[in-house]
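Everything on this sheet refers to the single structure shown next.
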Amino acid sequence: MMVGIVGKPNVGKSTFFSAATLATVEIANYPFTTIKPNRGIGYIRTKCVCKEFNVQDNPINSICINGIRLIPVELIDCAGLVPDAWRGRGLGNQFLDEIRKADALIHIVDAAGATDLEGRTVKPGTHDPIEDIKFLEHEITMWIVQILKRGWPRLARTVEAGVKDLYTSLEERLSGLSIKRSHVIEALRRTRLNAEKPATWSEEDLITFVDELRKVSKPMLIAANKVDLPTAEENIERMKRLGYVVIPCCAEAELALRRAAEKELIEYKPGDSDFRIIKPDRITEVQRRALKVIKERILERFGGTGVQEAINAAFFKLLKMIVVYPVEDPERLTDHSGRVLPEARLIPYGTTARELAYQIHTELGDTFIYAIDARTKRRVGEDYILKDKDVISIVSAKRRT
Ligand SMILES: Nc1nc2c(ncn2[C@@H]2O[C@H](COP(=O)(O)OP(=O)(O)OP(=O)(O)O)[C@@H](O)[C@H]2O)c(=O)[nH]1
Ligand SMILES: [Mg+2]
């Protein structure tokens, strides 16, 4: 699963990305700073089960700091998108191509209204960020419409001739955009268009369908950035009324805190609502003042910078993922080499015990007998639907070597 960081130019996408991944990328106060997308590893933050089980863990695919488990996830920082990008304006198609692989989108919005629709700096409070949300939805929809329109008459003929049904045709057509059969089915269900007669669909029908398809296949949340500017707060309330998950955000503050933590000047984990100065003698007066502002204006007011919260929400709320801990020994919670709670695995809600076995190893899936819930020590069957924070041991007929 991969999450795209999207939005018009100059809103703080690269700042958000850099804060989340600690990658060094270009950040500047003008549009189109990013031309080539940046890919990197950010983290999901979740409460680890180690405290509950009262064990000292040795993670291998993730990090555990004082009972906070950080699990790596892939993020892409996209180039800025301007109106009519779908027709190729700005970095148009290039931008849109980057979101092909994204399973969900974090839309970074300049909530302070300090940039116009093209990303040029304007007086804070003069641009309405609601427009940014509307236009981005429209751009992505029209981009997919344009892709579908190209071969539509032919596609419609094959469907109506009974050669291939519409679900399969669309699934094949859109697989490169991370759009799945289940997304197509859901969008058709919502729009109630005639799946037997796609040739009768009007252009408007097609747009309505694709708009639903976009919502199900590229779910989006709003990171309302630049909340340090006074004009942001009122806009946040208005954005919430559009029905999106809206997270107040200050990417710049997160970047400053992460960099200070990296230099071990402060103690701060992504998503914390406070930090602690550990090297007071190494902090300059300017840094101290900046940290004070971050504390008072952002952390105390919003409970965090919003960057971690946005990433968590993308995976947990939009993509409905959960975290499970596969172990070999359900008593000691270890793998074959004795490491305690070695792995925290991010999986979609709905995954069964046997599907998890298959994900770990094909052979483990094939030879699955039952699983053990390490919390209750009870056996569960192959159809057991895993829950968030399950610690699970799979018992198979495979002989261990
Ligand atoms: N006030 C304020 N400024 C921010 C914040 N986050 C980013 N900025 C500034 O916004 C400007 C643009 O930041 P970038 O991260 O380069 O924006 P971008 O969206 O990646 O821009 P493009 O790559 O040009 O599309 C820079 O001057 C940042 O310092 C924030 O939380 N508050
Ligand atoms: Mg950028």
Side-chain angles (χ1 to χ4, degrees), residues 3-40 42 75-83 85 89-99 105-127 129 132-133 135-136 139 222-233 235-236 239 246-260 270 290-291 293-299 301-311:
V3 166
I5 299 166
V6 300
K8 72 180 186 186
N10 210 11
V11 289
K13 298 182 295 300
S14 297
T15 309
F16 183 105
F17 173 84
S18 184
T21 60
L22 283 182
T24 311
V25 296
E26 220 174 314
I27 295 168
N29 188 16
Y30 49 79
F32 299 121
T33 304
T34 307
I35 294 172
K36 286 239 150 22
N38 301 300
R39 279 171 180 244
L75 302 173
I76 331 176
D77 167 29
C78 298
L81 182 74
V82 290
R89 225 185 127 235
L91 298 171
N93 290 323
Q94 189 181 323
F95 160 92
L96 289 159
D97 256 15
E98 292 159 16
I99 63 171
L105 304 173
I106 296 178
H107 183 183
I108 312 283
V109 173
D110 174 353
T115 39
D116 68 13
L117 210 44
E118 314 265 327
R120 287 176 296 240
T121 310
V122 294
K123 191 167 155 268
T126 55
H127 179 75
D132 301 358
I133 299 176
F135 112 85
L136 195 93
E139 288 306 318
I222 308 293
N225 198 32
K226 306 193 188 176
V227 284
D228 50 301
L229 299 179
T231 45
E233 254 176 279
N235 285 331
I236 290 173
M239 285 191 269
V246 180
I247 296 165
C249 186
C250 184
E252 215 165 53
E254 178 72 8
L255 184 58
L257 292 173
R258 293 289 304 270
R259 292 261 183 252
L291 286 170
V293 170
I294 290 174
K295 192 178 188 114
E296 288 169 2
R297 259 198 235 152
I298 307 296
L299 301 179
R301 196 176 182 108
F302 298 99
T305 67
V307 170
Q308 187 59 55
E309 201 191 328
I311 297 171

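We count ligands from 1, going down the list as the structure has it; atoms in each ligand are counted the same way.
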Could you check Asp116, Leu136, Thr115 and say which one makes a side chain to side chain contact (heavy atoms under 4.5 Å, CB included) with Lys8? Thr115

In a check of side chain to side chain contact (heavy atoms under 4.5 Å, CB included) between Ile222 and each of Val109, Asp132, Ile247, Ile236, which one passes? Val109

Closer than 4.0 Å to some heavy atom of [X] - which atoms of ligand 1 meet that?
X      : result
Val11  : 17 (O), 18 (P), 19 (O)
Gly80  : 25 (O)
Cys250 : 31 (O)
Pro31  : 24 (O)
Ser14  : 15 (O), 18 (P), 20 (O)
Ala251 : 6 (N), 31 (O)
Pro9   : 25 (O)
Tyr30  : 24 (O)

At under 4.0 Å between heavy atoms, which part of Thr33 makes contact with ligand 1: side chain, backbone, both or neither? both

So does Asp228 pair up with Arg297, basic N to acidic O under 4.0 Å? no

Are any of the side-chain nitrogens in Lys226 or Asp110 under 4.0 Å away from the carboxylate oxygens of its partner? yes

Among Lys8, Lys13, Lys226, whose heavy atom sits nearest atom 18 (P) of ligand 1? Lys13

Ignoring hydrogens, just give me the one of Cys249, Ala28, Cys78 whose non-hydrogen atom is nearest atom 26 (C) of ligand 1. Ala28

Backbone or side-chain N or O of [X] under 3.5 Å from ligand 1 N or O:
X      : value
Asn10  : yes
Asn225 : yes
Gly12  : yes

Between Thr21 and Asp77, does the side chain to side chain contact (heavy atoms under 4.5 Å, CB included) criterion hold? Intermediate values first, please. CA-CA 10 Å; Thr21 60; Asp77 167 29; over 6 Å; no

With a 4.5 Å limit on heavy-atom distance, are the side chains of [X] and [Y] in contact?
X      : Y      : value
Asn29  : Thr121 : yes
Lys13  : Phe17  : no
Pro270 : Val307 : no
Ile108 : Asn225 : yes

Least distance between heavy atoms, Pro129 atom then Ala111 atom: CG-O, 3.8 Å

Taking all non-hydrogen atoms of both residues into account, name the closest pair between His127 and Leu117 and its distance. CE1-N, 3.7 Å

Closer than 2.8 Å to the Mg ion (ligand 2) - protein N, O or S atoms, ordered by chain and residue number: Ser14 OG, Thr34 OG1

Any chance CZ of Arg301 has more than 12 other-residue heavy atoms, nucleotides or ligands included, within less than 6.0 Å? no

